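One structure is given below, encoded as structure tokens.
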Amino acid sequence: MSTNRIAGGGAIDRNRPISFTFDGKVFAGFKGDTLASALLAAGVRLVGRSFKYHRPRGILTAGSEEPNALVELRSGARREANSRATVTELFEGLEACSQNRWPSLTFDLGAVSSLLAPVFVAGFYYKTFMWPAAFWEKIYEPAIRRAAGLGRASLQADPDTYEKAHAFCDVLVIGAGPAGLAAALSAGRSGARVILCDEDFLSGGRLNADAREIDGDGGAVWAQRTHAELASLPQVRLMMRTTVFGVYDGNTYAALERVSDHVPIPAPHQPRQRFWKIIAKRTVLASGAIERPLVFGGNDRPGVMMAGAVRTYLNRFNVTPGRRIALFTSCDDGWKTGAALAHAQVDVAAIIDARNDVHPDLLAEAKHAHTPVMLGAQVLDTQSARGVSALLVRDARGRKLRIAADTLAMSGGWNPNTALSTHLGSRPRWSEAIGAFVPGDLPPFMSVVGAAAGEFSLAGALNTGAAAGREAARSVGFEAPASREWQVDEEQSGANSLWIGSASRGKAFVDFQHDVTREDLALAAREGFKSAEHLKRYTTLGMATDQGKTSALNGHAIIAALTQRETADLGTIASRPPYTPVAIAALAGAHRGRDFKPVRLTAGYAWAQARGAKFVEAGEWLRAQWFPLVGETDWLTSVVREVTAVRTTVGVCDVSTLGKIDVQGNDAAAFLDRIYANLISTLAVGRVRYGLMLREDGMVMDDGTVARLDNDHYIVSTTTANAAKVMQHLEHARQVLWPALDVQVASISEQWAQYAIAGPRSRLLLERLLGNALDVSNVAFPYLACAEFSWQGRPARLFRISFSGELAYELAVPARQGEAAVQAIMAAGETLDVVPYGTEALGVMRIEKGHVAGNELNGTTTAADLGLGKLLSKKKDFIGRVLASRPGLNAPDRPVLVGVTPVNRMTRLHAGAHFLSIAAQPALENDEGFLSSVAFSPTLHTWIGLGFLSRGAARGAERIRCHDPVRSADVEVRVTSPCFYDPDGGRLKS
Amino acid sequence: MRYSIFNLLRQALAGHSGWGPAWRDAEPKRSYDVIIVGGGGHGLATAHYLAKVYGIHNVAVLEKSWLGSGNAGRNTTIIRSNYLLPGNNPFYELSMKLWEGLEQDLNYNTMVSQRGVLNLFHSDAQRDAYARRGNAMRMHGVDAELLDQAAVRRMLPFLDFEGARFPIQGGLLQRRGGTARHDAVVWGYARAASDRGVDIIQNCEVNGFLRDGARITGVRTTRGDIQAAKVGIAVAGNTSRVASLASLRLPIESHVLQAFVSEAIKPFISCVVTFGAGHFYISQSDKGGLVFGGDIDGYNSYAQRGNLPMVEDVCQSGMALMPALGRVRVLRSWGGIMDMTMDGSPIIDRAPLEGLYINAGWCYGGFKATPASGYCFAHLLARGERHETARAYRLDRFATGHLLDEKGQGPQPNLH
Amino acid sequence: MRIPCPFCGERDLSEFSYLGDAGYRRPELGSENIEEFYETVYLRDNPAGPHEELWYHAFGCRSWLIVTRDTRTHEILAARLSKQAALG
Amino acid sequence: MGVIAQVRQGLGIAKILARKNEAAALAQHVQSHFNCALPTSPRRTCGNDIAVMGIGPGSWLAMCENGGNDFASSLKPVLGSFAAISDQSDAYGVFRLMGPNLRAVLSKLVPIDIHDRAFKVGDVAETIAGHVGILFWRLEDIAGSPVFDIAVARSFSVSLRHTLIQSAAEFELAWEES
């Protein structure tokens, strides 16, 4: 089956055969093959179909720039669409399928679109599919979408894992070709920390593709020897199969390591891929060059291949892509392929060079090999449906002739691979000397060497590489030992000018994958889409999966010629990360599924879990939502029971998630006066006060309590959601606004586990729990008292505060004692019928009490809106005071906090409903506010709600509607005070 | 030539040699009735409606680079009118109505695709906030549906319904929302405006204003001075820079927003989906690429590129929402510069200088607003008074406290 | 992007949170001047070029920093502790 | 065994925040009472029964083996006039990590250069690991292998432990509950 495998000493291991399938058919290759080289070896030429016209396509390149040979790799949940056969390392059992074809690759019905090609020109869809208007979504677009896309996503969760890692180095070398190896070696020998990355699994770059000599050895041998020395240096890290795909600010490089893509499935505990963030003090970019196709009729047919790729297959993989190969070139490098083929004793049909004059040495060498040469000639077209069998050539005298060949190797010269030099905004510069763009102004920490810098000779690559590596190391304090220059076999410094062709018969493709032809570019120019960006966007040139690596410059040169401009003036499309496409999962790393965000657990979590609690996500926290008893299947039953227990006996709730901040210093009181809208400095030691915090724009930011433990010592509490935000706010006030104050703030949220103990029997419970540790009698420890004391040999704090509206306390203990403490509370309360309650019951009781929470503190409410306007102190300045006085924040029709109860008390309310007057039409201009929080109150046996109602303060007992069309509800309610329960607060003080 | 299937077929037979430029590449005249600074979607739409609706044809659109080179060509193409506040909702609904008739209005297929916009919610509080927004939409006659988890699962079965850290509870769906082809919007407006006599001038950068005392009388450009009775600026991302040429300070910060497109894959995501437990939105283009993005990077920038933390954040959210995205590859990322205002809502208003008008502050929601923004800005320029659906977009609202803060984040632009 | 925290050393962007223009000067305590507050809170500098801005080292030493950064290139030109800068 | 992890129990931990203009006096008293030089950079210094880490300008974390909650209260009479002291003994989970593959594991967690040249014995860093804030410091090598302590907010310790186990799986992680 291995029809095209030839003898030779390439980089495949003939002792390790590998079998794989393509479109279900079994093939064989060797360790060291890519899927592309193995398919070529097996004589497979038709590999895929193009995007628009479904033209048959083969293998164009031998690298990551491949636009044509894309396959669906693997199967099931591991299926990967659009995988480049040219960089897919062969492994045992590899499954590949052709894509974007139906029913089969050889017979693809989609190819009928090719018949419509005269209509399907660039931008045709902008000119049609407009009538009738309703047809776009129903008829036209579905048809377009059926044809859209290339390969298929798996539609299943990716079963593999991914991870992220960080690396730091003095010198990062990108590319392990001759220039990169030389750079890494000189930097590495200096003792600097060096990282060398290459996307390939084999180092050496073009040394594996071209038969070159360094110091008398084959180039590939030198590469392996150099690789081995680098591997032996302790401060050098070699990262093969690793693509540096993006350059970011702060010398940060994004790289993808394909850890397991060359094996059937990842080994245990190995990720499929690892996403590296590399921080490098200096960078040497040695990313090589990419060969330019030529634009001529039929240049997309299977069997037309880049001349450099032909050499790669020949020398590295010992595969000849054909038996009789013609060459079409406009530069000297293409001739090397002729020589290489002749050397491998492959029949070279002809070397066709578009130029009239070439270096005599080239002619001599061709003559020596008996290769026919045609100068000043052009290929006009290629023939045969599924692969090249002949070419139509026009010679220098205008004669057309047919040349039989099964493969056409083409070369339009090489483009330095400047992509990574431009990610930070540097624009490439046109070099007339090599007819290509080279790196422009570089950031000071980056140098570019070898072919990437337009230095195409091997000696030049080695020398510029070594010098740049040495210089990079030196600039960060490492001196490399002197080294001699390498001896390299003789080479022509070949001309590399840009030639875009002119004549063609048949479609001449510029962007292969997207089927953008020379005619499309001409049409775009006629229609005024002449800038590089407009051209790209109008024709889709360069937007395919190769991002224009093989097409952009040709396209720009053609449009420049069509519009009488210089290619240099047209500029290039900015290269953007990623350099080659990167799996989304790799960028996410381990942060997916349940590990998307970390979980925060309170000290009482295990206890609550053992009690069978249902948990709810509260930001990163998991909090007990309710504690169902055996037999309770519906949340409302559990919650009603918990509320009733708190209102009649006693309950305990884990409130450890609330933010707790320790504020100390001589100016602590003055500081808190500026932070809070109400007065704090007048609070007595041993007392607690409610505190309301505004943003500087006058809106309420957060609320909580402030406890004064000592003259210069306060404990501030925040809501769970705003704990980090308030901490940052206090640090801002302390460090930025008022740095002269003597105040110190420390988060103590994690130090203390805190439990609310609430209900008429809570004091009894505490007496039993604390014994002599603290006198909790109403006289000794009245409402809003606080105390620090010692309990069971450890510090404890007690606050007499209540969110539920009952006689209540919050007990804080060191978090390590948190679980024991809640168990002790339950034990002490056992005969008092204590129940644990969760956030739902907490929510019901705070609504019954009319306390505001997250739904009301939504960042657009003022203190006055919340009915807390009288808290704003007039005796001092505080954050938010002045801007809260703006007219818009004091408009008389602003919605303010009210309570509502349904006229039919069992009718369910839904938060998010809007308030309307009884007779009003549902329209925005009649909107009078909305319902923010609702609950079924077991205490009052009715649904209740809090909401914001326009002029609500003056609308007591009015009937209005809660309009809720998204839930098909419209409920008549009565406006009440927001406090439904114990409005005088008698129970708090009892 | 009119765009139609008949002309397309006729041209197909003629090798498409008969198509002329989509718009005239005009040379600047010495004066105009109105100059629009900024050849993006908003500026071109303004010119179109000035000519078509308000009969003002002597108009120039000045673009410093190529048409659509700013955010018009750098967005994620989403259109929707699912807003909460009464100052926003009618405006975006006007925009949606204009989208719905845009192809016929412009004789240009902008590929408006009303395939639905679904905002997922993951908690009771979020559900209630979305219900509140959906109800506001319904009260203005805008379509909105609150879906439960089962309904979401029927639409998008490949979302993570099993192992999610923040389980999907349901979603708010606006079926009339969707996407449009962003570049086509620019080109369509340019062509339509040009056909009505508007001069479209590319590579013409404004570097100063001509003044007569406190009055603006024209602009100074890289292609000479140009007089105008009225000058409107629509240069989102660069508003502060251009306004500073007139010594104006505005409540705007420039921030970078990154966006991403994947390789083209066979369509499987039918609508626009937003994740509610992180900042992430995604849709699939008619070419097959997944177009997605997340939050702004969070710092002032004019660099049109962002950094890795946000790239990672976006992809993490994507994976948390759709684990089937894992092996789909990001093809390209880019950055646009957003005009972030201090309340997250835009400004369409007179400047404090006579003759100068401002259309700015679109945050990262400018694309969907393009038609209505152009319409209302044209109204302001033509009539000298605010259009009724844009009357909340006053410049002085920050000073007076009549804020339009959908998210409640206050004067902190990187949080909107 | 990496920010050179004067205390911790150079650190990745992900450790910081951003507030914006460091020209923020809250009017004197007790000022009733709405206009001054409006300008402080709403009219922040937004230059294309070097910009003095406040960053909080949230996942580091919790210092507020004044960072000078070029908004066109993201190049960091300087970073100092806000508190130290204020106290001189 | 590539990595060994131990949970450190019974630590007394206190945050020390210098009061205004008292940093010098504070340093002096720390020196005289604990024979410990108060670091002014992210470093860890040891004294009699105490180790102090610089975690911010004017901000330190002091630790005492088996000090428990009494440690912070014992500091107050000595240092209270110069610093605000808060007990943080329960606020952290502290893991001791060691083993030949430790750096490879840590490089997956922290965006900090922990190479021997860059992060010396006694260096301290507060940073973010995944989404979790951590504080870590390097101790003397044991048998040629590096030793680090990682402290994480107590509520996140289950999450961090999970991440550590995942990251170290390829090298084998031995978890020792001491």
Side-chain angles (χ1 to χ4, degrees), chain A residues 80-82 118-119 121 126-130 137 141 144-145 148-150 152-153 155-158 248-249 523 526-528 531 533-534 537 545 576-577 581-585 587-588 591-594 596-597 617 695 697 699 858-860 886-889 911-912 914 922-924 930 965-966, chain B residues 3 5 8 12 16 19 21-22 66 86 103-104 108-109 113-114 125 128 131-132 134-135 138-140 144 146 158 163 165-166 183-184 263-268 286-288 307-308 312 315-316 318-320 323-334 400-402 405 408-411:
Chain A
E80 296 155 46
N82 309 338
V119 180
V121 291
Y126 302 130
K127 300 190 175 95
T128 183
F129 300 139
M130 285 178 273
E137 278 93 353
E141 190 179 40
I144 289 171
R145 283 177 87 82
L150 290 163
R152 298 163 300 161
L155 301 188
Q156 298 174 51
D158 188 342
Y248 294 88
D249 293 312
L523 174 61
R526 272 201 294 288
E527 295 194 84
S531 72
E533 281 282 354
H534 277 157
R537 289 155 187 268
T545 57
R576 307 244 179 229
V582 176
I584 293 172
L587 296 167
H591 301 290
R592 49 189 279 205
R594 297 209 193 280
F596 168 52
K597 287 282 156 72
E617 300 82 19
R695 297 190 309 231
D697 71 343
M699 299 295 180
N858 61 16
T860 65
R886 284 177 290 173
L889 273 55
H914 285 240
L924 275 190
F930 74 104
V966 295
Chain B
Y3 288 168
I5 185 67
L8 185 65
H16 296 278
W19 299 115
W66 41 277
E103 273 118 25
Q104 288 68 34
Y108 204 97
N109 187 357
S113 172
Q114 293 180 287
D128 294 340
R132 180 185 169 204
N135 285 331
R138 291 280 285 270
M139 286 164 71
H140 188 60
L146 199 66
F158 44 81
R165 172 77 174 78
F166 300 101
D183 291 323
E263 295 181 338
I265 49 177
K266 293 291 174 200
F268 74 107
D286 283 345
K287 234 178 72 190
N307 276 293
L308 280 174
E312 297 175 65
C315 291
Q316 287 163 18
M319 283 301 289
L325 287 181
R327 298 173 103 89
V328 175
R329 303 186 193 98
V330 179
L331 177 62
R332 186 178 173 89
S333 63
W334 63 93
T400 63
H402 293 89
D405 190 346
Q409 296 290 1

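A note on names: the letters A, B, ... follow the listed sequences, proteins ahead of strands, and every chain is numbered from 1. Keep in mind the model is a prediction, meaning the values are calculated, not measured.
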Quiz prompt | Inter-residue atom distance M319(B).CE - E312(B).CD, 0.5 Å rounding | solution = 14.0 Å
Quiz item: Out of curiosity, L8(B) CG to T128(A) OG1, how far, rounded to the nearest 0.5 Å?
Solution: 6.0 Å
With chain B, which of [options] has the greatest number of heavy-atom pairs at distances under 4.5 Å?
| options | answer |
| --- | --- |
| N858(A), L924(A), T860(A), D697(A) | L924(A) |
| E80(A), R594(A), R152(A), M699(A) | R594(A) |
| A81(A), G912(A), G859(A) | G912(A) |
| T545(A), L889(A), I144(A) | T545(A) |
| R576(A), E617(A), R592(A) | R576(A) |
| H534(A), R695(A), K597(A), H591(A) | H534(A) |

Quiz item: Quick one: is the NZ or CZ of R132(B) closer than 6.0 Å to the six-membered ring centre of F930(A), and within 45° of its axis?
Solution: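 Output yes; distance and angle both within limits.
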Per-residue contact mode, [X] against chain A (heavy atom under 4.5 angstrom):
| X | answer |
| --- | --- |
| Q114(B) | both |
| Y108(B) | both |
| L308(B) | both |
| D286(B) | both |

Quiz item: Looking at K127(A) and E527(A), does any basic side-chain N land under 4.0 Å from a carboxylate oxygen?
Solution: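 Result for this pair is yes, salt bridge flagged.
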Of the listed residues ([options]), which shares the most heavy-atom pairs with chain A below a 4.5 Å separation?
| options | result |
| --- | --- |
| Q104(B), Q409(B), H402(B), R332(B) | R332(B) |
| A264(B), A12(B), G410(B), A131(B) | A264(B) |
| L331(B), N135(B), D128(B) | N135(B) |
| A320(B), G401(B), G288(B), P411(B) | G401(B) |
| G326(B), G318(B), A125(B), A184(B) | G326(B) |
| A144(B), P86(B), S333(B), A22(B) | S333(B) |

Quiz item: Can you name the residues that form a side chain to side chain donor-acceptor pair (under 3.5 Å) with Y126(A), not counting sequence neighbours?
Solution: R181(B)
Quiz item: Who passes side chain to side chain donor-acceptor pair (under 3.5 Å) against H914(A), sequence neighbours left out?
Solution: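 In terms of side chain to side chain donor-acceptor pair (under 3.5 Å), with neighbours along the sequence ignored, H914(A) is linked to D927(A).
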Quick check: does any side chain N or O of [X] sit under 3.5 Å from a backbone N or O of [Y], one acting as donor and the other as acceptor?
| X | Y | result |
| --- | --- | --- |
| N82(A) | I265(B) | no |
| T400(B) | G888(A) | no |
| N109(B) | M130(A) | no |

Practice problem: Check whether L587(A) gets within reach of chain B through its side chain, its backbone, both or neither, counting any heavy atom under 4.5 Å. | Solution: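 Backbone plus side chain of L587(A), per the 4.5 Å heavy-atom cut-off to chain B.
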Quiz item: Can you list the steps and then say if L150(A) with E263(B) is a side-chain contact (heavy atoms from CB on, under 4.5 Å)?
Solution: CA-CA 8 Å; L150(A) 290 163; E263(B) 295 181 338; over 6 Å; no
Quiz item: Minimum heavy-atom separation for N307(B) to Y248(A), with atom names?
Solution: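 In this case the closest contact between N307(B) and Y248(A) is OD1-CB, 3.4 Å.
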